[in-house]
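Below is one structure, written out as structure tokens; comments come after it.
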Amino acid sequence: MSRRLLTNASIVTLAETGLPYGLIEDGALVLDGDTIVWVGKATETPGEHSSLVAEDLGGRLITPGLIDCHTHVVFGGNRAREFEMRLQGATYEEVARAGGGIISTVSATRSASEEELLASALTRVDALIAEGVTTLEIKSGYGLDHETELRMLRVARKIAEARPIHVLTTFLGAHAVPPEYKDRADAYLDEVCLPTLAAAHKEGLVDAVDGFCERIAFSPDQMARVFDKASDLGLPIKLHAEQLSNLGGAALAASRKALSADHLEYLDETGVKAMAEHGTVAVLLPGAFYTLRETQYPPLDLLRQHKVPIALATDCNPGSSPLASLLLTMNMGCTLFRMTPEEALAGVTREAARALGLTNVGTIEAGKRADLAVWNVSHPAELSYRIGFNVLETRIFGGSR
Ligand code: DI6
Ligand code: FE
């Protein structure tokens with residue numbers, strides 16, 4: 001295995017050392033193949049590494065590779081027309097009830113080939129990679145039939161073959177009720193969603209199971225049935241909860257030991273407490289908040305008070321968050337939600353890893369995978385501060401750039 005010594009860097013470890021950002025100034029890093037084997041002050045580099053040729057990072061900042069822990073990057077078509085309708089006053093729920101919204105993307109996705117879905121998803125994935133993303137979660141949920149759900153998940157797996165990126169797949173068959181099952185959500189679950197989940201799992205296509213718990217989608221009782229199936233299959237769960245109203249989805253998910261509950265604008269203290277009790281991560285999605293011009297804020301102070309881990313993600317999707325920038329997401333997390341730049345950065349690294357159940361990425365520590373991002377900035381708050389500047393110098397995936 002090849003060893004590398006990186007020196008003259010500000011190392012933003014995000015390790016929970018008690019120091020802001022886990023920052024090590026004048027730091028050095030030793031990589032062995034795809035693993036970090038040592039990190040610390042350059043002056044304290046162990047002698048055994050002194051024969052390595054040092055790569056000087058010129059005082060730049062190095063962080064863990066970024067993790068986008070909630071995306072829907074695989075889909076057909078786009079929803080610019082719906083964007084126009086909403087600008088003329090229609091709400092997201094009204095558009096959805098009129099057969100637009102998620103269902104219009106379902107039609108476009110069903111009629112797209114695997115190659116077409118892959119090509120269009122890669123344009124979005126490439127934008128994320130260009131900003132230092134090394135791990136990406138991708139959901140199904142725009143097929144809502146057996147064949148198309150499996151096709152979406154196969155495309156998600158192919159992305160990891162086509163690009164140097166780690167992909168986790170999430171089955172989101174309970175995203176919406178397809179038109180052919182209108183007003184028959186339970187029949188859709190029994191006849192399509194649950195059997196498709198089992199088939200996708202059998203093909204090795206599923207890393208986690210998600211759902212949309214909302215009046216325009218599935219009730220908590222219906223989600224509980226999906227979670228029962230996930231539990232039978234031994235799969236971790238997550239949930240789109242409390243995005244448009246408070247149905248108690250986050251508490252339900254937490255009580256089932258969900259990895260995360262996502263969106264959460266309408267979350268109340270009962271839900272926050274349930275999440276705290278079970279270690280369920282709050283994944284905040286400011287891109288959807290912004291796009292839908294939501295006015296209800298996620299309860300950031302309550303989440304902090306009860307020490308619920310907070311992650312941030314793009315929610316990249318064609319309807320409520322056509323956003324493929326994690327740096328802009330961090331800026332939105334700070335400017336819209338009043339997160340600190342440290343919370344925002346931890347939210348797309350350490351806490352995003354937690355939201356995916358990953359323990360080998362998300363911080364810079366000996367033993368972790370060498371997924372890293374080198375930035376042309378000198379202080380970590382700069383990553384959240386700018387709008388529309390890509391300050392990435394290099395991305396290192398598994399030790400190689
Ligand atoms: N909530 C969201 O924000 C996305 N899915 C969901 O359950 C939006 C999906 C879409 O509008 O296409
Ligand atoms: Fe989403």
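Every number for a ligand or one of its atoms is a count from 1 in the order of the listing. All residue numbers refer to positions in the sequence shown, counting from 1.
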Under 4.0 Å to a heavy atom of [X] - the qualifying atoms of ligand 1, by number:
| X | value |
| --- | --- |
| G319 | 11 (O), 12 (O) |
| I102 | 9 (C), 10 (C), 11 (O), 12 (O) |
| N317 | 3 (O), 4 (C), 8 (C), 9 (C), 10 (C), 11 (O), 12 (O) |

Answer yes or no: is there a donor N or O on one side and an acceptor on the other, between the side chain of [X] and the main chain of [Y], under 3.5 Å?
| X | Y | value |
| --- | --- | --- |
| H175 | G141 | yes |
| R60 | L57 | yes |
| E55 | R4 | no |

Does D26, at its CG atom, have more than 12 non-hydrogen atoms belonging to other residues, nucleotides or ligands within less than 6.0 Å? no
Answer yes or no: does atom NZ of K307 have more than 12 heavy-atom neighbours from other residues, nucleotides or ligands under 6.0 Å? no
Any N or O of T105 closer than 3.5 Å to N or O of ligand 1: no
Are any N, O or S atoms from H240 nearer to the Fe ion (ligand 2) than 2.8 Å? yes
Do we see a donor-acceptor contact under 3.5 Å between the side chains of T170 and K238? no
Output yes when E161 and R157 qualify as a salt bridge under the 4.0 Å nitrogen-oxygen rule, no when they do not. no
Do R304 and E343 meet the salt-bridge criterion of a basic N to acidic O distance under 4.0 Å? yes
Heavy-atom proximity to atom 9 (C) of ligand 1, best of Y142, F212, F289: Y142
Pick, from S321, A96, S320, S104, the option with the minimum heavy-atom distance to atom 3 (O) of ligand 1. S320
re atom 5 (N) of ligand 1, the protein heavy-atom contact at minimum distance is H175 NE2, 2.8 Å
Minimum-distance protein heavy atom relative to atom 1 (N) of ligand 1: Q243 OE1, 3.0 Å
State if E214 counts as touching ligand 1 under the rule of any non-hydrogen atom under 4.0 Å. no
Checking contacts here: is it the side chain or the backbone of Y92 that comes within 4.0 Å of ligand 1, counting heavy atoms only? Could be both or neither. side chain
Suppose we only allow N, O or S atoms; which atom of D315 ends up nearest to the Fe ion (ligand 2)? OD1
